[in-house]
Amino acid sequence: MKTQTNNPIAFISKYLIPAASKETFLERQHIARAFIHTLDGFVHDHAYERITETGDTEYITVATWTSEEAVHNAREAVNAENLRTGFNRAEMLQRLNIKMEPGLFREDNA
C-alpha cells in the first residue's frame, strides 16, 4: 500500500467574493493559475463559481499536486514571485473584502 505522502494532494480554496471585487479577483487569479502551471509537481487545476442570492460569488479552486513536497515548493515559489512582482495577496484580499478558506485534501478512496 502506498503511503499518503506519495499520493496526489489537492490544495482547495473557497472564496467569498463581493460582486464589486470579482473582476479584480479574477484578473489576479488568472495570473496565479498561469504561474502554478509552470511549477514542478503541478498536475491540474479547476475553478468553480456560484453566484449567491445577494450577487456575490462563491469561488472554489482545486489545484492537484504530485505530493505535499510539491505543494510546499509551490508555496515557496508563489511567495517568491509575489515578492519579486510586489504583489501582496493578503492585502488584496483584505482590501477587496474577500474571505478565503484554504486547505490540503486527499482523495477518499474508500
Side-chain angles (χ1 to χ4, degrees):
M1 184 167 96
K2 288 183 178 179
T3 63
Q4 282 196 336
T5 57
N6 292 333
N7 293 336
I9 189 162
F11 185 76
I12 301 175
S13 296
K14 180 179 178 182
Y15 302 87
L16 180 59
I17 307 163
S21 301
K22 184 177 179 181
E23 184 177 339
T24 302
F25 171 82
L26 290 178
E27 287 171 4
R28 192 63 218 178
Q29 192 65 16
H30 176 74
I31 292 166
R33 288 180 76 185
F35 181 74
I36 68 167
H37 288 191
T38 68
L39 301 177
D40 288 339
F42 174 80
V43 177
H44 57 78
D45 70 335
H46 301 281
Y48 306 90
E49 70 175 20
R50 179 181 84 86
I51 306 302
T52 69
E53 57 282 350
T54 62
D56 295 336
T57 299
E58 286 184 342
Y59 192 85
I60 296 173
T61 61
V62 181
T64 303
W65 299 88
T66 56
S67 66
E68 285 188 44
E69 181 182 9
V71 172
H72 173 77
N73 293 340
R75 283 181 173 162
E76 288 185 353
V78 167
N79 288 339
E81 179 66 6
N82 288 345
L83 186 62
R84 184 188 72 77
T85 62
F87 175 68
N88 184 326
R89 182 174 183 76
E91 182 278 327
M92 182 198 78
L93 294 175
Q94 183 177 12
R95 177 174 41 86
L96 297 176
N97 197 30
I98 296 172
K99 308 288 187 264
M100 176 186 174
E101 296 178 34
L104 289 176
F105 294 82
R106 293 195 184 281
E107 186 174 349
D108 179 8
N109 293 317

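- Note: the hydrophobic cluster containing F105 does not contain V71 (ILVMFWY, side chain heavy atoms under 4.5 Å, direct or indirect links).
- To the nearest 0.5 Å, atom CD of residue E49 and atom CG of residue L26 are 6.5 Å apart.
- Around the CD atom of E91, the shell of radius 6.0 Å holds more than 12 heavy atoms that belong to other residues, nucleotides or ligands.
- Of all the heavy atoms in P18 and D56, the pair that sits closest is CA-OD1, 3.4 Å.
- K14 has no carboxylate O lying under 4.0 Å from a charged side-chain N of E101, or vice versa, which leaves the two without a salt bridge.
- Taking NE2 from H46 and CD1 from I60, the interatomic distance works out to 13.0 Å, rounded to the nearest 0.5 Å.
- Residue Y15 is not grouped with residue V62 when hydrophobic side chains (ILVMFWY) are merged at heavy-atom distances under 4.5 angstrom, including chains of intermediate members.
- What you find for A19 and G55 is that their closest heavy atoms are CB-O, 3.3 Å.
- From S21, atom OG reaches atom CG of L93 across 10.0 Å, with rounding to the nearest 0.5 Å.
- For the atom pair CG of N97 and CZ of R95, the computed distance is 11.5 Å after rounding to the nearest 0.5 Å.
- Side-chain atoms of T38 come within 3.5 Å of backbone N or O of F35 as a donor-acceptor pair.
- To the nearest 0.5 Å, atom CG of residue L39 and atom CH2 of residue W65 are 5.0 Å apart.
- Taking every heavy atom of both residues into account, R33 and H37 meet most closely at O-CD2, 2.9 Å.
- Other residues, nucleotides and ligands contribute more than 12 heavy atoms inside 6.0 Å of the CG atom of N88.
- Two residues are said to be in side-chain contact when any heavy atoms from C-beta on lie closer than 4.5 Å; R106 and E68 meet this criterion.
- A 6.0 Å sphere centred on NE2 of H30 holds no more than 12 heavy atoms belonging to other residues, nucleotides or ligands.
- Taking CZ of F25 as the reference point, atom OG1 of T57 lies at 9.5 Å (rounded to 0.5 Å).
- If you chain together hydrophobic residues whose side chains sit under 4.5 Å apart, I12 and F42 never meet in one group.
- Note: the hydrophobic cluster containing I51 does not contain I17 (ILVMFWY, side chain heavy atoms under 4.5 Å, direct or indirect links).
- Nearest heavy atoms, S13 versus P102: OG-CB, 3.7 Å.
- Put simply, Y59 and I36 are part of two different groups of oily side chains (I, L, V, M, F, W, Y) that touch within less than 4.5 Å, one to the next.
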